[in-house]
Each structure stands twice: as C-alpha cells, then as structure tokens.
Trainee: 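This is the structure I want to talk about, given as structure tokens.
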Number of protein chains: 2
Amino acid sequence: MQSLPECQADDHEDNRAIPLPDEISCNTAAALFRALGEPSRLQLAIILAQQEMCVTQLAKIVNDSLPSISQRLKLLKAERIVTSRREGKHVFYKLDDDHIAQLIRNAVEHAGEK
Amino acid sequence: MQSLPECQADDHEDNRAIPLPDEISCNTAAALFRALGEPSRLQLAIILAQQEMCVTQLAKIVNDSLPSISQRLKLLKAERIVTSRREGKHVFYKLDDDHIAQLIRNAVEHAGEK
DNA sequence: AATTCAATTAAACAATTGCTGAATTGATGA
DNA sequence: TCATCAATTCAGCAATTGTTTAATTGAATT
C-alpha cells in the first residue's frame, strides 16, 4: 500500500523559508489584543466608539466603581486604544481612531458567526 | 468668570440614549481578543497565516515543547482562529479564514505606529 | 486657604492563566 | 499484537491579572 506523504518539515535543519514574525511586533500587537480581551474593557471601548464620555458617566452606565473604570481606561490608553482630555474636573475619553473601531467591528462580527 | 460646561451626564437618570453593547457579544468578542492577546499564541497564528503546518513543525520552529504548542492551538481553535485536519500521524493547522488574517494585520499595523 | 467633587493611585487579596513533566490517546508499520 | 511516533490531556505549580477599599492628587468654587 502507498504510504501517506511524509510531514514536510522533516527537513528540520532548514528553517530559512519560514521567517519568525519579529518578536517586538508580536509583543506589542499581543498587548493590544490583550487590552481588548477582557469583557469589561471591551465594553468600555465599544461605548467610547459611539461617543466621547467622562469617567463618572461610564461608571454610571456600566454600573461599576470609579477606580475600576479608571484602571481599565488606563490600560486602554496605554495601548493607544483611547485618548483622554481634561475639561475642568472631568476627564473625557474617546476611541483613538477608526483603526481601532474597525478592529472591534471585525471581532464582533467574527464572534457573531458562532 | 464663565464656568466651564457641566458634564453632560449629570442627567444620570436617563441612560436610554446609550444602549449597552449586548453582553454576549462582548464576551465572545473579548474571548477572541484574549486568544490572540498572548505573544506565543499570536506568533503561532501569524505563522499559520502564512502556511499550513503540523504541530511538530511548529514546535521546532518556535523552539518549544509539544504540549505547550498543542495547548495554544487548542485555545486558538476554540475561538475558531485556526482549523485542523489530520493526515496520518500528523495534525495540520492553518488559519481559519481571511477575516482573522485581516484582524491580525490591523493589530500589527496599529502596534507598529508606536 | 479650605472645601468639594472627579479621577487616579496604591496595596492586599482572590481568581485566572500558562507552563512543566507524566500519562494517555490515536494512527501507522513491523 | 506490539512498538513507535505524533498529538493531546492531565495535575500541580508559578506567575499574572482584576477587584476592592483606602488614600492621594487635581481642579474649581467659596
């Protein structure tokens, strides 16, 4: 009987053909995904994709404490998912750019296909 | 002196205007992000976006143990990021669809802007 | 300057996650 | 059937993460 084709990678010595994705790109891109990879943070991002909002408003809407919201926003901001501006006592957040909005739309779309 | 405009959300009672993103969507989309939100898993996804590959090959390329790779792939598969097919002793994985490839490209692009 | 409200930060704790080595399953060939 | 190789599963451990309460910072008003 004819045997099945051997695993192509038995030429284990030659990895030249497949360049590893560079480590820094992986790390920073993964950090971006990780920031959005938590329901409560993603929820904030989705809300802020619709309209700019201050921390207190967000806390009311999602019914959670200020420190929680603030910490989530801090992480989202570190990954440049949201930007903030202060206006008097309030700090307003919004989505950084359409790039991110597109990313979120794609993910929600994919998730919806289940 | 003119005082700064009040926070728009002092009408705290009326949240009708801002519908909460539905919880299930948030959870499933977040799960997708979380799966990609780990450098070693994202690395696998990026490699598999370029070509189909079996577990042993992947282990060689990223220089890690079979159980590690297998567990990562399992999670990626659970989120429908990759698909697998068995061929004899080997199980080959590849990216599920271009949807995901696009998602990854966007993220890497965004990360590169830093 | 003192008060008040918004937001952030800090520290401690609980829960989740990823990794490691051993055991197990699946499939082929002797 | 037995031996072998690929892949998965399992259980225990270490590290990371998210939450909570309290304390602190920042800005405006009196």
Side-chain angles (χ1 to χ4, degrees), chain A residues 1-10 12 26-27 30-31 33-45 48 52-79 82-94, chain B residues 1-10 12 26-27 30-31 33-45 48 52-79 82-94:
Chain A
M1 175 204 175
Q2 170 96 24
S3 67
L4 286 166
E6 264 308 305
C7 176
Q8 295 161 342
D10 280 345
H12 285 318
C26 270
N27 288 344
F33 280 128
R34 186 172 52 237
L36 293 170
E38 219 260 336
S40 54
R41 279 197 302 265
L42 180 59
Q43 186 186 31
L44 289 184
L48 294 174
E52 192 181 47
M53 213 173 283
C54 76
V55 186
T56 306
Q57 277 176 297
L58 287 168
K60 282 274 175 185
I61 289 176
V62 306
N63 190 35
D64 212 325
S65 69
L66 280 182
S68 292
I69 306 295
S70 185
Q71 286 178 108
R72 290 170 198 158
L73 290 170
K74 185 182 180 182
L75 216 161
L76 291 175
K77 193 179 175 182
E79 296 308 324
V82 300
T83 57
S84 67
R85 70 182 172 84
R86 180 175 273 274
E87 189 177 308
K89 295 179 185 173
H90 294 275
V91 178
F92 287 88
Y93 285 83
K94 67 172 181 184
Chain B
M1 174 204 174
Q2 170 95 26
S3 68
L4 287 167
E6 266 306 305
C7 177
Q8 294 160 341
D10 279 345
H12 283 319
C26 270
N27 287 344
F33 281 129
R34 187 172 53 236
L36 294 169
E38 219 259 336
S40 55
R41 278 197 301 264
L42 180 58
Q43 186 186 31
L44 289 184
L48 294 175
E52 192 181 46
M53 212 172 284
C54 76
V55 185
T56 307
Q57 278 176 295
L58 286 168
K60 283 275 174 188
I61 289 177
V62 307
N63 191 34
D64 213 325
S65 70
L66 281 182
S68 291
I69 305 295
S70 186
Q71 281 170 353
R72 289 170 199 156
L73 290 170
K74 184 182 179 182
L75 216 161
L76 291 175
K77 194 178 175 183
E79 296 308 323
V82 301
T83 58
S84 67
R85 71 183 171 86
R86 182 175 271 273
E87 188 177 310
K89 294 180 187 172
H90 293 274
V91 178
F92 287 89
Y93 285 84
K94 67 172 182 183

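What you see is a predicted model; the values in this text were computed from it and never measured.
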Trainee: Does anything in residues 35-44 of chain A reach DNA chain C, meaning a heavy atom under 4.0 Å, and if so which residues?
Mentor: none

Trainee: Who passes side-chain contact (heavy atoms from CB on, under 4.5 Å) against B:Asp64, sequence neighbours left out?
Mentor: B:Val62, B:Ser68, B:Ile69, B:Arg72

Trainee: How would you list, by chain and number, every residue that makes a side-chain hydrogen bond (donor to acceptor under 3.5 Å, both in side chains) with A:Ser84, sequence neighbours excluded?
Mentor: A:Lys77

Trainee: Whole angstrom is fine here: how far is it from CG in A:Leu58 over to P in C:dA6?
Mentor: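 Spelled out: CG on A:Leu58 to P on C:dA6 is 14 Å.
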
Trainee: Sequence neighbours excluded, which residues qualify as side-chain contact (heavy atoms from CB on, under 4.5 Å) partners of B:Lys74?
Mentor: none

Trainee: Provide, to the nearest angstrom, the distance between the NZ atom belonging to A:Lys89 and the C1' atom belonging to C:dA6.
Mentor: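 For the pair A:Lys89 NZ and C:dA6 C1', the rounded distance is 8 Å.
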
Trainee: Where is the tightest heavy-atom contact between A:Leu75 and A:Ala35, given as atom of each residue plus distance?
Mentor: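 Heavy-atom minimum between the residues: CD2-CB, 3.8 Å.
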
Trainee: OP1 or OP2 of D:dT9 versus the side-chain N and O atoms of B:Lys74: is any pair under 4.0 Å?
Mentor: yes

Trainee: In whole angstrom, give the distance that lies between atom NE2 of A:His90 and atom C1' of C:dT8.
Mentor: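 Those two atoms, NE2 and C1', are 15 Å apart.
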
Trainee: Please list, in numerical order, the residues of residues 63-72 of chain B that have a heavy atom closer than 4.0 Å to any atom of DNA chain D.
Mentor: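 Correct list: B:Leu66, B:Pro67, B:Ser70, B:Gln71.
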
Trainee: What residues form a side-chain hydrogen bond (donor to acceptor under 3.5 Å, both in side chains) with B:Arg85, not counting sequence neighbours?
Mentor: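 side-chain hydrogen bond (donor to acceptor under 3.5 Å, both in side chains) list for B:Arg85, sorted by chain: B:Glu52, B:Glu87.
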
Trainee: Using atom types as modelled and distance alone, determine if a side-chain donor or acceptor of B:Arg41 lies under 3.5 Å from a backbone N or O of B:Gln43.
Mentor: no

Trainee: Within this structure, what is the CG-to-P distance between B:Leu75 and D:dT9, rounded to whole angstrom?
Mentor: 12 Å

Trainee: Which pair of non-hydrogen atoms, one from B:Ala30 and one from A:Pro39, has the smallest distance, and what is that distance?
Mentor: CB-N, 3.6 Å

Trainee: Please report the distance, rounded to the nearest Å, between NZ in B:Lys60 and P in D:dA6.
Mentor: 10 Å

Trainee: What integer distance in Å separates A:Arg86:CZ from C:dA6:P?
Mentor: 12 Å

Trainee: If only side-chain N and O atoms of B:Tyr93 are considered, is one of them under 4.0 Å from the OP1 or OP2 phosphate oxygen of D:dT8?
Mentor: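 Answer is yes, contact under 4.0 Å.
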
Trainee: How close do A:Phe33 and B:Leu42 get, heavy atom to heavy atom, and via which atoms?
Mentor: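 In this case the closest contact between A:Phe33 and B:Leu42 is CE1-CD1, 3.9 Å.
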
Trainee: Which heavy atom of A:Leu76 sits nearest to which heavy atom of A:Ala45, and what is that distance?
Mentor: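 For A:Leu76 versus A:Ala45, the nearest heavy atoms are CD1-N, 4.4 Å.
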
Trainee: Rounded to whole angstrom units, what separation is found between the CG atom of B:Leu73 and the C1' atom of D:dA6?
Mentor: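 For the pair B:Leu73 CG and D:dA6 C1', the rounded distance is 13 Å.
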
